[in-house]
Each structure stands twice: as C-alpha cells, then as structure tokens.
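Just below is one structure, and these are the notes that go with it.
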Amino acid sequence: MGISRRDFVKLAGSAAVGAALSASIGGVEKVLAQAPVIGSTDVTGGVSTVGSTAKVYFTKQIDADHLIRLYDKIDEGIYGKVAIKLHTGEQHGPNILPRDMVKAFQAKVPNSAIVETNTMYTGDRNTTEKHRRTLEVNGWTFCPVDIMDEDGAVMLPVRNALHLEEVSMGSHIVNYDSMIVLTHFKGHAMGGFGGSLKNIAIGCADGKIGKRMVHGFKKPTAPEGADWNEMDTKDLFMENMADSGKATVDYFGKHIIYLNVLRRMSVDCDCAGVRAAEPTISDIGILASTDILAIDQASVDMVYEKPAKEKHDLVERIESRHGLHQLDAMRELKMGNDKYELISLD
C-alpha cells in the first residue's frame, strides 16, 4: 500500500469505542461451520493437490536449545525492536513456560522485550501495579517486560473483518517493529484451546476496552470482575478472536512469527493460576511457523492424534466450547493456510 505501519494505524479512523463495542455484538451475517472432525492436513511426504502449503517446523525436545533452533528457521522477518508476546500467568501458576528456557531464548533476540497487557478479570494482573508484582513473583525479571496498555490504548484496524472493524490494543504495540508470538498451547475456559491466535487476540488487547470487545460484552462497561453471563460465547467469541488477532497480524505484516510450546496442557489457561486442572495429556513438543493458521491447525492435529483416553479431557474442552471454530474463522479471514508440511528437526 506504500504506507508505513504507523501511518496504517493512523488510518484506523476515530470511531467511538462504544460504537466498536456495539458492532462486536451485532447481527451475525456470516455463520461459519464448526469443523466436525480434525482431518490430517499434514502433507509431509506427499503431494498436495489443493495448492500451496505452509511450513511448520517441529521438535519433540522442549528446551532452550531446540526452541532457538526452531526460531532460527523462521526469523528472517524479525528486525529492529522486537516484542516477545508471552502469557506470563497468574501468581505461582504451575503450567507457565519455564523461565530458564524463555530467558535463554530472549537473550538470543537482540533489542527484545516480553510484552503483556493487563487482564479484564479481577486477579493478579488487572492493574499495572498488581501485574508488575506478579511478574516478580513468577520470575519474569531477567529482561524488560512492557505492559503495553500501561499508558492507554490505540485502535488497530481489521481488514475485511467478520465483526470488529477495529480493536483497542495496548498503545505500546506501535513501538515495536517485529513480534515473536511465544505461546504455551493449552486449553481455555471460553476458547476451548489457547494457541497463537488466543495469545495475540486477547493478549494484545488492552484490559479496559479491547478485551471486552473480543469477549463480546453486551454492555460498554462491566462491573469490577468479569461477569461471564454478560458475554456472548462460542462461535461469536471465536470470530471476534480472529478479528482481533488479524489486527495484530495485519499491523506487523511479514514481521511476525509463531512458536507454540505443547507442554503441561491443562484444560485451563494460565490465567487460572494455581486453580488450573492437572494436565492429563502428555507433552508433545514445540512447533514453529510464519503462518498462524498452520501452526494452530498443526497443534490441534497433534492433540487429536493422541490416544483417546489421554486426549479426552482436552478434546472435550475444545469441542464443548466450539474451539475448532477459531480455525474456521482464521481461514475465512485468509489469515493463513491450514495445509502444512511438518518438518522435524529431530
């Protein structure tokens, strides 16, 4: 388009937040089908007859060395000031990514910082003061951590949106040239699963407005402490997440990449903290891609390939929340390719 990404943000328009919120809960013109089954979209060793495929790199080894090796395969577009989008979790969360692994990884990325936003729900991170205290408790003290909505929000546009034509994001997001989406793949109370999409769709939205937009609150504001009954759920939530994720993907363009770590996959998000259910599915490994749809599709496929008894709890969480609809919505928005070649480093 011949304009800078920062100029692109300025073109987002000045629509009132209230209007944006009402748009998020308006009539649903498109009904995307909930995927009934997970078919294998891994074309490794075969020839695809349906066009191009994305590359997804994989290792069964979950450690800093292999995380860095995967990053080296996909880091071509990473430059300048780099945001590492990580879910740092509630205090003492048992399932968050190992700090030593993240520390070693971050040290290999010049001019980088972990980025987060405050939460919508009342907990350990719904204010900047509480959030910074939680970062210390959880050991995220080895590098700068930017709470992106500490100084307010900025509206990012969504091209060809399903519902949200713009989304309120932590204002510091525009200070970065590139983003690495480092995700703990696991279950989620509303999304069914939390992959790369969830990490940026909710994780970059500011705590006061953006997260309410994504969750589809029926009122512009909500009482202190999120009332889940005030939100539209399931398919609309998945579509709102896709819109929100696309805002960040559109903004960074070719300068955003994705790493999913499939370990300690509780049915609950790291926002559950010590209340998270103990995982019943074994660790799988780490995935890396420049394609957000491909990496989340591959992650889900790997979960579904597990034995029935082992995968039962996580699959039940995914399907009871219509979580596979995240993939449908990303496909509808042309955010990536669900056909992928799995390339093992092992």
Side-chain angles (χ1 to χ4, degrees), residues 1-33 51-52 54 77-78 83 85 117 148 153-181 191 195-206 209-216 235-258 289-297 325-339:
M1 294 177 62
I3 61 173
S4 70
R5 288 185 290 112
R6 286 176 175 77
D7 289 337
F8 174 59
V9 174
K10 295 177 183 178
L11 294 177
S14 57
V17 168
L21 283 169
S22 63
S24 74
I25 60 167
V28 179
E29 296 178 1
K30 295 182 180 179
V31 179
L32 307 182
S52 64
I78 301 302
K85 178 61 194 73
T117 55
M148 293 192 293
V154 61
M155 301 300 289
L156 292 189
V158 184
R159 296 176 185 147
N160 303 314
L162 298 173
H163 305 290
L164 305 174
E165 295 184 355
E166 56 183 6
V167 180
S168 183
M169 302 288 186
S171 64
H172 294 180
I173 195 171
V174 300
N175 296 336
Y176 294 91
D177 301 298
S178 309
M179 178 173 280
I180 299 168
V181 184
S196 284
L197 176 63
K198 182 267 175 186
N199 193 1
I200 58 173
I202 300 177
C204 291
D206 74 286
I209 298 297
K211 286 181 171 63
R212 287 181 168 85
M213 294 173 69
V214 177
H215 284 81
D235 288 5
L236 179 57
F237 175 62
M238 307 306 164
E239 293 161 21
N240 284 349
M241 277 211 298
D243 279 341
S244 182
K246 191 171 189 293
T248 294
V249 171
D250 285 349
Y251 177 72
F252 285 105
K254 294 181 179 180
H255 307 294
I256 183 170
I257 62 174
Y258 312 93
S289 184
T290 59
D291 188 305
I292 188 171
L293 175 54
I295 195 169
D296 276 359
Q297 178 74 62
H325 197 55
Q326 293 182 45
L327 306 173
D328 297 329
M330 283 194 283
R331 187 164 48 245
E332 178 75 7
L333 285 169
K334 297 179 171 59
M335 291 175 67
N337 194 339
D338 62 354
K339 305 296 186 295

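The two atoms that bring Ile78 and His255 nearest to each other are CD1-O, 3.9 Å, heavy atoms only. In terms of heavy atoms, Glu332 sits closest to Leu162 at CG-CD2, 3.7 Å. Here the closest heavy-atom approach between residue Met241 and residue Leu197 is recorded as O-CD1, 3.5 Å. Met179 and Cys204 make their closest contact through CE-SG, 3.9 Å (heavy atoms, listed as atom of the first residue, atom of the second, distance). Nearest heavy-atom pair, Asp291 versus Ser289, reported as atom, atom and distance to 0.1 Å: N-OG, 3.0 Å. The nearest pair of heavy atoms linking Ser52 to Asn337 is O-ND2, 2.8 Å.
Between the side chain of Asp296 and the main chain of Ser196, a donor-acceptor pair closer than 3.5 Å is present. A distance-only check finds a donor-acceptor pair linking the side chain of Gln326 to the backbone of Gly191 [under 3.5 Å]. The backbone N or O of Ala205 lies less than 3.5 Å from a partner atom in the side chain of Lys211, making a donor-acceptor pair. At least one donor-acceptor pair under 3.5 Å links the side chain of Ser244 to the backbone N or O of Ala201. When atom types are taken as modelled, the side chain of Lys246 and the backbone of Ala161 share no donor-acceptor pair closer than 3.5 angstrom. A donor-acceptor contact shorter than 3.5 Å links the side chain of Asp243 to the backbone of His163.
Within the 4.5 Å cutoff, the side chain of Arg331 has heavy atoms near those of the Leu293 side chain. Looking at Val249 and Ile200, their side chains come closer than 4.5 Å, going by heavy atoms from C-beta outward. Residues Met169 and Met148 are not in side-chain contact: their nearest non-hydrogen atoms beyond the backbone lie 4.5 Å or more apart.
Here the straight-line distance linking atom OH of Tyr258 with atom CD1 of Ile180 works out to 12.0 Å at 0.5 Å rounding. The OH atom of Tyr251 sits 11.5 Å away from atom CD1 of Ile256, with the distance rounded to the nearest 0.5 Å.
No side-chain N or O of Asp206 forms a donor-acceptor pair with one of Thr117 less than 3.5 Å apart.
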